[in-house]
Amino acid sequence: MKGYDHAKIEKKWPKEWQKNGLYETSDKAKGKDNFYLLVEFPYPSGNLHVGHWYAFAVPDILARFQRMRGKNVLYPIGFDAFGLPAENAAIKNKLNPRIWTLSNIEYMKNQIRSMGTSFDWSREVVTCDPAYYKWTQWLFLQLFKAGLVYRKETAVNWCPKDKTVLANEQVVNGKCERCDSEVVQKQMLQWNIKITDYADRLTEDLEPLDWPKEIKESQKNWIGRSEGAEIDFPLVFNEKKYTYVILHGFQGSPDRPRFHYWKAELEKQGHKVVIPALPNPDHPSEDEQVAAALAAADYDENTVLFGGSLGAVIAMKVVEQLKNPIAHLVLAGGFVDRNFKDKPRNFDKRFIWKFDTARIKKNTKSITILHDIHDTAISEQQITNLEKTLGIKAERVVAETPHFTGDKEMTVLMWLRPTIRVFTTRADTLYGGTYLVLAPEHPWVTHALEGKDDALKNRGEVQEYVEKAKGRTEIERSAEGKEKTGIRLAGVEAVNPATGKEIAVYVADYVLGHYGTGAVMGVPAHDARDNEFAKKYKLPVVKVVQPLSIRTTGMDALRPREMLVERDAVVAVIKHWAEDKFICLQWKDQPMRGFVTGGIEKGEDVVECGLREIQEETGYKNAKFIRALGDKVHAQFYSVSKQENRFGHYVPMYYELKDGERDEMSAEERALHDVVWLKRTEVRQFLNRPEMQVAWDRLNGTENYTGEGILANSDAFTGMRTDEARKAITDTFGQIKITYKLRDWIVSRQRYWGVPIPVVHCSSCGPVAVKDSELPVKLPEVKDYLPEGSGKSPLAKAEKWVQVRCPQCKGKAERETDTLDTFVDSSWYFLRYTDSKNSKKFADAKKMEPWMPVDLYSGGAEHTTMHLLYSRFWHKALFDLGLVKEPEPYRRRMNRSIILGPDGQKMSKSRGNVVDPDEVVRRLGADTVRMYLAFIGPYNEVSSFPWNPDSVVGVRRFLERVWRAQEHVGKTENVALENLLHKTIKKVGEDITAMKFNTAISALMIFLNAAEKERSLGKKQWESFLKLLAPFAPHIAEELWAASGQKKSIHQTTWPVYEESRLVGETVKIAIQINGKTRGGVEVPADADKGGIESAGRDAVAVRLEGKKILRTIVVPGRLVNFVVQE
RNA sequence: GCCGGAGUGGCGGAAUGGUAUACGCGCGCGACUCAAAAUCGCGUCUCGCAAGGGAUGAGGGUUCGAGUCCCUCCUCCGGCACCA
């Protein structure tokens, strides 16, 4: 017998397998169940590292195992081929990113093949292949047509020198990685997908999935649904009253419900409101309507003029003719020409579509333009024209009813005496709201900085703070030190709607602009962050929640079905007469550690009660009352001594002893608790009851109670429990609001190497989808791949490519030049695997349905909240469009661990600790590398394992021992090994299913150790063992299998079956414990009953039990006997 | 900062709430050998001569019994929306 020559074996078998098409998956296999095993496809970075082996070769064990178990297995692979590195390489080397990418793919394919992986290469998918991205574009357009896609101004990283958008990765310490200039945040119009519409379903549908709970938890928290309240805080900074003139539109009238609502709201604030009925609303003429509008009011510096739709045109004409400027002009759904998006109007001839913009600007102190991005009548182009004409950016909103900008209009009008809407999950603490904080990007802050109201007295300062905050990323803002910063808006106060008190208003960057309403109320008494902030800026703290703790565990846990007895009690914190020490009590009959406490008798004075209890419980005679420690504290628990449920209302009091004079304590008291003196630093540790801890914190001025409790200082709500009060206060002062942390998915990228967004911009039709027949919109060739320098994508350089005809009106139009986020590519690739060559559809339902949903998806933990959530969303959107049959794409998900360098650090070129798998494979073989990676640690837990070059040889040695074991194979089966073999079959199978490959391999090693010791094993036993080995080390197993005389490939045989009867021996070893400590062991028959086990155990430790009283005996058959004895 | 996870010998790790340290590496001793390598055998948490005691990041709790469940804290890892 020759030695184990891995190089020869690993060259020979893959050829055979490929020749026989061993791993090509058929769409339908007779009598077999389908099993779809998916691994995240790699980015073609150019070189395979050990991490790739870990990602592909280890799950391959499961794929091979499932095949042997008779499953029809789909185990596909492809490349996530668009992305930043290709573009960077292209810029650096002046090389086409396509060439760079495709050559990397070719190289990596060969490397992946060398792993002995059983991938079905006939289904390979490459995302930068137009045959693939045609369908990425098509699917994107389905979402676009379903109204799930919109454009919105969003902040991006901006390098002012290069004039380009930077990825987060390209920003290093707030500087551009290329030119080192300071990166700023810039607002740009970006394509968004409405993933937030699916937030609830993405949360709810997690529940039934067979996913690890920590992944579900992460996604749930990422989506971050929270039920809270929105409450309005009016701002106070001037008492100016305005006259509002509201001009309705075509076919409109002052009787529209929204006008009634506005009028009522504005008049409540003391403003005057005029809503003239404009003549002939169905056949309007300009002269008539403008005259009527002019006649309706005096226009002066206190006038606010609102025009909606055609009213906007009238409003502009009115302003044109004024002699003095008005305060404010609001144009909603306005336009400056006669191009209507939906249909021509019969009034357009009676209007002159010319405006004297200079006059309009001169005659208004400020102008606001509102535009619904889905407006049916007004196109994006028209709004752009209006913006250009007036030199003002419009505010784009998504309206409830198209064309009417709805809520937003009201907000704009109210700005003149604005209210700040706050989002809170703790409406119950409203009475404790002592200040207001706005995010630096809050619209009112922007508004105030523009100086329109003369509200701010410290504009310069605020401006500076806001600028600084906006330049920083979110993580920097919340992580920079722990110190919170903020700045007061001088001259502006807000009114707490509950207390009616005026409170300070701050701008602080710990409040995020895009979460909730971008404004929070500060409740320093009951929120940790607010507390910190209030301390720093010396803001008032008002406590409105009395703590309530409800014991739910332990022997003093509330007994749910029993009565609750209410008692008032005193808690006495007592200080030593000379030292900085305090009296604490350690109870004996229950797990309670705290201060002196006792019930207040009827009619008894609280202070006196405390003095009495001190004497009774500690014996000290001369205590002096110093002060009360705030409000009551409540607790619900089961009193062990009184044997009833208690609802205690505690009054915390502070006493000092004058001297050490002390009576002997009664025997009764001594039996209840010990008196201990503790230093100030030891007390907090010692206390184990929240009500006691609160008393202590109050003494030290460190109280910050954020839990549930009972309301105080809250008018009619005082006495309510916090959960009831949340509802009641929300109903009275605000409304319920559900918010999510999840934000819409920004898919725009100003980059070359991505999927072109298949949209055309037309001056009259707005953004229009490219026709299906025109797909794919192929990436144009450009001279170089540097960004445009104007903020546009490099695609804008392909000038000819950009110029197209509008698919709708055939007029001149321009192509969208942004490309799609690569997460879009990877949101559906697993569908394409099921029908990768289809040119008519993204995948044929008949081919897709037998495989979906994916049975097991294995990948990195870093994808938990982004790729995994995006693809779940994408799939749900396709489900709603009827394009897929199931609402969830992945039945089971598993996060893999990561492999570190030999030094325990993350592998990276800069650290120089990158392990080259090719070199190890040459030296030790692919089977060794596969198996070592599987053996290194549990695959199904997120952890990290350093690659240990010494340990690899252990696995190599194991394979060499397997090779040599051939010598011991004989004709007759070895009876001594039979039971172990069956146990091993069971263990290996179960462990592979659970992806615990390390313990499966350990079981194989244990079997081989035993077989070597025996120096003989039967042919059948040997062949069973080889089958168990085959998924792990496919090459050597195949070679030995063939050497054993088998003709068919081992990978096409079936997995061995174990016999239940072979799993248990005749006797079992039982542990004997005394008081839970192991004191010996005894061998008993496997079927021994409890009595038999107990007496055997008693005999075994008879010496130790001598003279001891056995209180209890616990017998766990097959495991142990535990004698509980009196010490 | 927020969210999720981990912490067990010299190292990677094993352990349905039931005899902690399986399996592998390393190390020590021995066999084979002229010798070395390879291989095989034995040993290897710690204190103790022993009897026995102690140990799963720290501290506390629940339990007959805790590496495992609960609370507080420490350290490390992953994610935080344009790396993929």
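Throughout, protein chains are lettered first and strands after them, A, B, ... in sequence-line order, and every chain is numbered starting at 1. Since the structure is predicted, the reported quantities are computational estimates derived from the model, not experimental observations. Only heavy atoms go into these numbers, but all of them, side chains included; no hydrogens, no water, no symmetry mates.
A/Trp745 comes within 4.0 angstrom of no nucleic acid atom, judged by non-hydrogen atoms across all strands. Residue A/Leu742 is in base contact, counting any heavy-atom pair closer than 4.0 Å across all strands shown. Nucleic acid contact for A/Val171: none, since no nucleic acid atom lies under 4.0 Å from a heavy atom of the residue. Residue-level contact check: A/Phe823 touches the bases, meaning some heavy atom is under 4.0 Å from a base atom. Across all strands shown, A/Pro42 has no heavy atoms under 4.0 Å from either base or sugar-phosphate atoms. Base contact: A/Gln190 has a heavy atom under 4.0 Å from a base atom. Counting non-hydrogen atoms under 4.0 angstrom, A/Ser218 reaches the backbone sugars and phosphates but no base. Backbone-only engagement by A/Phe945 is indicated by non-hydrogen atom pairs under 4.0 Å involving sugar-phosphate atoms exclusively. Across all strands, A/Ile936 comes closer than 4.0 Å only to sugar-phosphate atoms, never to a base (heavy-atom distances). In this structure, A/Ile1006 reaches the sugar-phosphate backbone alone: every heavy-atom distance under 4.0 Å involves primed, P, OP1 or OP2 atoms, never a base. Contact annotation for A/Gln750: base contact, defined as any heavy-atom pair under 4.0 Å involving a base atom. Using a 4.0 Å heavy-atom distance criterion, A/Lys220 is classed as making no nucleic acid contact.
Using the Watson-Crick or G-U wobble rule with both distances under 3.5 Å, B/C80 pairs with B/G1. Shown here, B/U68 forms no base pair; nothing in the strands shown gives a Watson-Crick or G-U wobble contact with both key distances under 3.5 Å. Using Watson-Crick or G-U wobble geometry with both donor-acceptor distances under 3.5 Å, B/C73 finds its partner in B/G57. In this structure, B/C40 forms a base pair with B/G30, meeting either the Watson-Crick or the G-U wobble geometry with both donor-acceptor distances under 3.5 Å. If you check B/A35 for Watson-Crick or wobble pairing at under 3.5 angstrom, you find it has no partner at all. Both distances falling under 3.5 Å, in either a Watson-Crick or a G-U wobble arrangement, place B/C25 opposite B/G10.
Within 6.0 Å of NZ in A/Lys186 there are more than 12 heavy atoms belonging to other residues, nucleotides or ligands. Within 6.0 Å of NZ on A/Lys216 lie more than 12 heavy atoms contributed by other residues, nucleotides or ligands. No more than 12 heavy atoms of other residues, nucleotides or ligands lie within 6.0 Å of NZ in A/Lys220, so this atom counts as exposed by the packing criterion. Heavy atoms from other residues, nucleotides or ligands lying under 6.0 Å from CZ of A/Arg1015 number 12 at most. Around atom NZ of A/Lys536, more than 12 heavy atoms belonging to other residues, nucleotides or ligands sit under 6.0 Å away.
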For nucleotides 51-54 of chain B, list the nitrogen or oxygen atoms of the protein found under 3.5 Å from its nitrogen or oxygen atoms, one pair per line.
| residue | atom | partner | partner atom | Å |
| --- | --- | --- | --- | --- |
| B/G52 | OP1 | A/Arg1104 | NH2 | 3.2 |
| B/G53 | OP1 | A/Arg1079 | NH2 | 3.3 |
| B/G53 | OP2 | A/Arg1079 | NH1 | 3.4 |

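Because its glycosidic torsion is more than 90° from 0, B/G7 is reported here as anti.
The side chain of A/Asn1122 places no N or O atom within less than 4.0 Å of a non-bridging phosphate oxygen (OP1 or OP2) of B/G65. A sub-4.0 Å separation between OP1 or OP2 of B/A20 and a side-chain N or O of A/Thr1078 is present. For A/Arg751 and B/C82, the shortest distance from a side-chain N or O to OP1 or OP2 is not below 4.0 Å. Remark: A/Thr822 is in phosphate contact with B/A84, judged by side-chain N or O atoms under 4.0 Å from OP1 or OP2. Between A/Asn1009 and B/C23, a side-chain N or O to OP1/OP2 separation shorter than 4.0 Å is absent. A sub-4.0 Å separation between OP1 or OP2 of B/A81 and a side-chain N or O of A/Arg743 is absent.
Side chains of A/Arg893 and A/Leu868 form a contact here, defined as non-hydrogen atoms less than 4.5 Å apart.
To the nearest whole angstrom, the two C1' atoms, one in B/C83 and one in B/C73, are 35 Å apart. Distance noted for atom P between B/A35 and B/G30: 13 Å (whole Å). Comparing the C1' positions of B/G7 and B/U56 gives a spacing of 9 Å, expressed to the nearest Å. Across B/G13 and B/C23, the matching C1' atoms stand 8 Å from one another, rounded to whole Å. B/A6 and B/A14 have their P atoms separated by 12 Å, with the value rounded to a whole Å. Between the C1' atoms of B/U39 and B/U46, the separation comes to 33 Å (whole Å). Here, B/G61 and B/G48 have their C1' atoms 32 Å apart, quoted to the whole Å. Across the C1' atoms, B/U44 and B/C77 are found 31 Å apart, a figure rounded to whole Å.
Distance, A/Glu990 CD to B/A15 P: 12 Å, rounded to whole Å. The distance from atom CG of A/Asp530 to atom C1' of B/G1 is 14 Å, rounded to the nearest whole Å. Distance A/Leu512 CG to B/G1 P: 15 Å, rounded to the nearest Å. As a whole-Å value, the separation of A/Ile1074 CD1 from B/C64 P is 17 Å. One can place CE of A/Met931 at 11 Å from C1' of B/C23, the figure rounded to the nearest angstrom.
One N or O donor and one acceptor, one from the side chain of A/Gln1073 and one from the base of B/G18, sit under 3.5 Å apart.
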Self-check item: Verdict with reasoning, A/Phe41 to A/Phe79, per ring pair (Phe, Tyr, Trp, His ring centres under 6.0 Å)
Solution: CA-CA 5 Å; A/Phe41 60 168; A/Phe79 292 92; 8.3 Å; no
Quiz item: Does the ring pair (Phe, Tyr, Trp, His ring centres under 6.0 Å) test come out yes or no for A/Trp753 and A/Tyr785, once each step is laid out?
Solution: CA-CA 9 Å; A/Trp753 191 232; A/Tyr785 306 95; 8.4 Å; no
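Projected onto RNA chain B by closest heavy-atom contact, A/Ser748 and A/Lys1069 fall at different nucleotides, the more 5' of which corresponds to A/Lys1069. Each of A/Pro946 and A/Ala1003 was matched to the nucleotide of RNA chain B holding its nearest heavy atom; the match closer to the 5' end belongs to A/Pro946.
The two residues A/Lys987 and A/Ala1003 come nearest to each other via the heavy atoms CG-CB, 3.7 Å.
Aromatic ring centres of A/Tyr54 and A/Tyr939: separated by under 6.0 Å. For A/Tyr932 and A/Trp947, the distance between ring centers is under 6.0 angstrom.
Figure legend: A/Arg956 and A/Trp963 shown without cation-pi pairing, the cationic atom not lying both under 6.0 angstrom from the six-membered ring centre and within 45 degrees of its axis.
For the side-chain contact (heavy atoms from CB on, under 4.5 Å) with A/Ile936, the lone residue among A/Val955, A/Asn998, A/Ile899 that qualifies is A/Ile899. Residue A/Arg749 is tested with A/Asp818, A/Thr819, A/Asp821 for a side-chain hydrogen bond (donor to acceptor under 3.5 Å, both in side chains); the sole match is A/Asp821.
With respect to A/Lys1090 and A/Glu1094, no salt bridge is recorded, no charged nitrogen being found less than 4.0 Å from a carboxylate O.
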Exercise. For each nucleotide in nucleotides 36-47 of chain B, reading 5' to 3', give B when a protein heavy atom comes within less than 4.0 Å of its base, S when such contact involves only the sugar-phosphate, and - otherwise.
Key: ---SS-------
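Residues from residues 858-866 of chain A lying near RNA chain B, meaning a heavy-atom separation below 4.0 Å, are A/Glu862, A/His863, A/Thr865, A/Met866 in numerical order.
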